[in-house]
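First up is the structure itself, then whatever we jot down about it.
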Number of protein chains: 2
Amino acid sequence: MQTREKRRPNERSRATLKEVASKVGVSICTASVVLNNSNSGSRVSDATRTAVIEAARELGYRANQIARSLHAGHTHVIGVVPAATETNILLGPHLQHVLNGIVNETEVHGYDLSIITRCDQSRPSDLLDALLGGRMDGVIVVAPRSNSRLIPLLRDEHLPMVVIDGDPEMCDNIYVIDNDTSVRRAIQHLVDLGHRNIGHIAGPQDLFAARIRKDAFFREMSRLGVPLKLEWLQVGVFNIPSGEDAMNRILRHDELPTAVFCANDEMAFGAIRAILAKGLRVPEDITVVGFDDVPFAAMTTPTLTTIRQPVDEIARAATSALIGYIEEGVPIGSRTFPGSLVERMSSAPPRR
Amino acid sequence: MQTREKRRPNERSRATLKEVASKVGVSICTASVVLNNSNSGSRVSDATRTAVIEAARELGYRANQIARSLHAGHTHVIGVVPAATETNILLGPHLQHVLNGIVNETEVHGYDLSIITRCDQSRPSDLLDALLGGRMDGVIVVAPRSNSRLIPLLRDEHLPMVVIDGDPEMCDNIYVIDNDTSVRRAIQHLVDLGHRNIGHIAGPQDLFAARIRKDAFFREMSRLGVPLKLEWLQVGVFNIPSGEDAMNRILRHDELPTAVFCANDEMAFGAIRAILAKGLRVPEDITVVGFDDVPFAAMTTPTLTTIRQPVDEIARAATSALIGYIEEGVPIGSRTFPGSLVERMSSAPPRR
DNA sequence: CTGAAAGCGCTTACAG
DNA sequence: CTGAAAGCGCTTACAG
């Protein structure tokens, strides 16, 4: 009866604890106690207990999580701040893979995931309100830009945080692949095949992964005594068209590399497309190697030789560590994960 | 000083409204009023106003959104229940595309997105607690299974809801591509090319998109008078390996189709791979047509002829309608979006 | 076995 | 111009 009094059109009204209590004729605290099976409730008479449960069922009672969170001081939701991109923030197979890994882990711990998108530079305070307004117990930042003010800010605010694909010098809680060793594997692979004319398509330099892979490329080339040609060094933005463009810029030169190492798979796909479009072949004319091993790397023609990141493992480990810190205060720390070379059809010895 | 008294290790303590108020020596309601610029606050003296603002800044005050939501009765978060899959729930380029479109739209409206994953059948009540606990203002269900009890349940609970890729007979608020017409375009394309031996790799039949596409395939074939061969009809689960398996089952027969229509792109990729692995060519020996036009459809070899879904538009329209309903009560309704044939390299006339 | 009370942090009429 | 009070819906000691 009185459950109805508040119903306005267009506004759902869930039954409240007060309603079930009054329906049974007990106090709302008693109702709360039996509905939560809390220990204090072990001493509720069976009669009232069943009555309350019955009433709750009839009324379709469901505890308001907001009220509960206000009291408890936590929400069981974890925020994710995706890699900063201008637009279409969620696109890209690697981020998707990371997100999936995160979800895999939050699910087993009973957390929900909130994707924080309002990163719009024009209203940065929106982002902070969302993050710091108590709506999430912790946050996972994926691939922050190196100039991101977010990381130091969140650290100062003591919001539990872990960073995936970030610079270990940026903060303490970084989960990331061992880029140095991985790039070395890639270059070593090319040199082992006999390549001495090697180009590189780098990613956006304000992204840690892009910068460190480029640095590692330089270092490795020089360590192995392979001469560098600056015309064969181009920069893209980690997506397919930019890889295509970058490759086309390389292809404009008279002398061509026999191999190109791309800082991620998508740019490698673009590079392959550019090469094929010029009537050249992969790998016969130019070898292409990527980084990430996204699922489609095994589906392209030719299939892509690349560095596999244990993405699911990295994402789950980071998430699990974050939750461990939230719930039990165990320090998150940083972890580095090994990458591995996956040899497929896009790499082969140079022809001549 | 007293801001410190509550600090326990391992627990972030944001300054509270009470703290800034007491620091200035005003009531918390005055503080609230100036910090919110609410109209009642137009009559606060400039002196107190600046004092409060200053104090808030010094203390790093940030309103607790949970408390605010409890009072306001809304949260500005929208939940997404992704397509039901056994595992790795977020994978798949089409879902990713949908998610991206949703985010594009929530972002402009200042909503955050919560991904509800605890769909685990073993504890269905978790899902409902998450959904109905007042933590989200509305929910977007993507590609529910036809036996899903979720839809009727949410409807009964009056939680604002819109469904993407669902059965229009299932509920009132469905945003979906016009599958019938789209499939007809695909089949017409094959028949126009001269194909009369056409196979179909269908998706999981408890998914609306899969079922209706299969039905449309049958209807269209019979309308055009093209004979059906049951050996050329196989069922997959909308991913690459299952498309590969399905195609392999087709390839086991003596007589082969000259064209195969796949219910989504991923299965089409798998089909192509199976065909190539048998030493046959696409499209020379067998034409393959997909459905969705995921980004990679333009990147495979051969590139994939497929039906383009205006995914971003569908997702954004659904999201926008949901928010319109939440905020202003305008009915969501249902909408159907046209698909279009994208002709690429995987389709050609049959050889003989 | 059960209830009155305080509190989570905020907002909003309503008085002064 | 400013504050006391009630309330959002729930939980949890603490009394009886």
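Chain identifiers are assigned alphabetically (A, B, ...) following the order of the sequence lines, protein sequences preceding nucleic acid strands; residue numbering begins at 1 within each chain. Remember, predicted model here, so these are calculated numbers, not experimental data.
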*Base, sugar-phosphate, or nothing for A72(A), non-hydrogen atoms under 4.0 angstrom?*
nothing
_Looking only at side-chain N and O atoms, does D137(A) offer a donor or acceptor that is under 3.5 Å from a partner on T75(A)?_
yes
*Between dC8(D), dC10(C), dT2(D), which one does the side chain of T48(B) approach most closely?*
dT2(D)
*H76(A) vs D112(A), side-chain contact (heavy atoms from CB on, under 4.5 Å): CA-CA, chis, key distance, verdict*: CA-CA 7 Å; H76(A) 267 220; D112(A) 281 327; over 6 Å; no
*Would you say dT2(C) has OP1 or OP2 under 4.0 Å from some side-chain N or O of T30(A)?*
no
*The side chain of L70(A) lies closest to which of these nucleotides: dC10(C), dT12(C), dG9(C)?*
dG9(C)
*Between R62(B) (CZ) and dC10(C) (P), how many Å, whole number?*
12 Å
*When you get a sec, tell me which of dT2(C), dT11(D), dT12(D) is the closest nucleotide to the side chain of I28(A)?*
dT11(D)
*Taking only the side-chain heavy atoms of N64(A) (C-beta and beyond), determine which of dT12(D), dC10(D), dC10(C) contains the nearest atom.*
dC10(D)
*dT11(C) phosphate, OP1 or OP2, under 4.0 Å from N36(B) side-chain N/O*: yes
*Can you tell me the distance, in whole Å, between the NZ atom of K18(B) and the P atom of dG9(C)?*
8 Å
*State which of dT2(D), dT2(C), dC10(C) makes the closest approach to the side chain of S45(A).*
dT2(C)
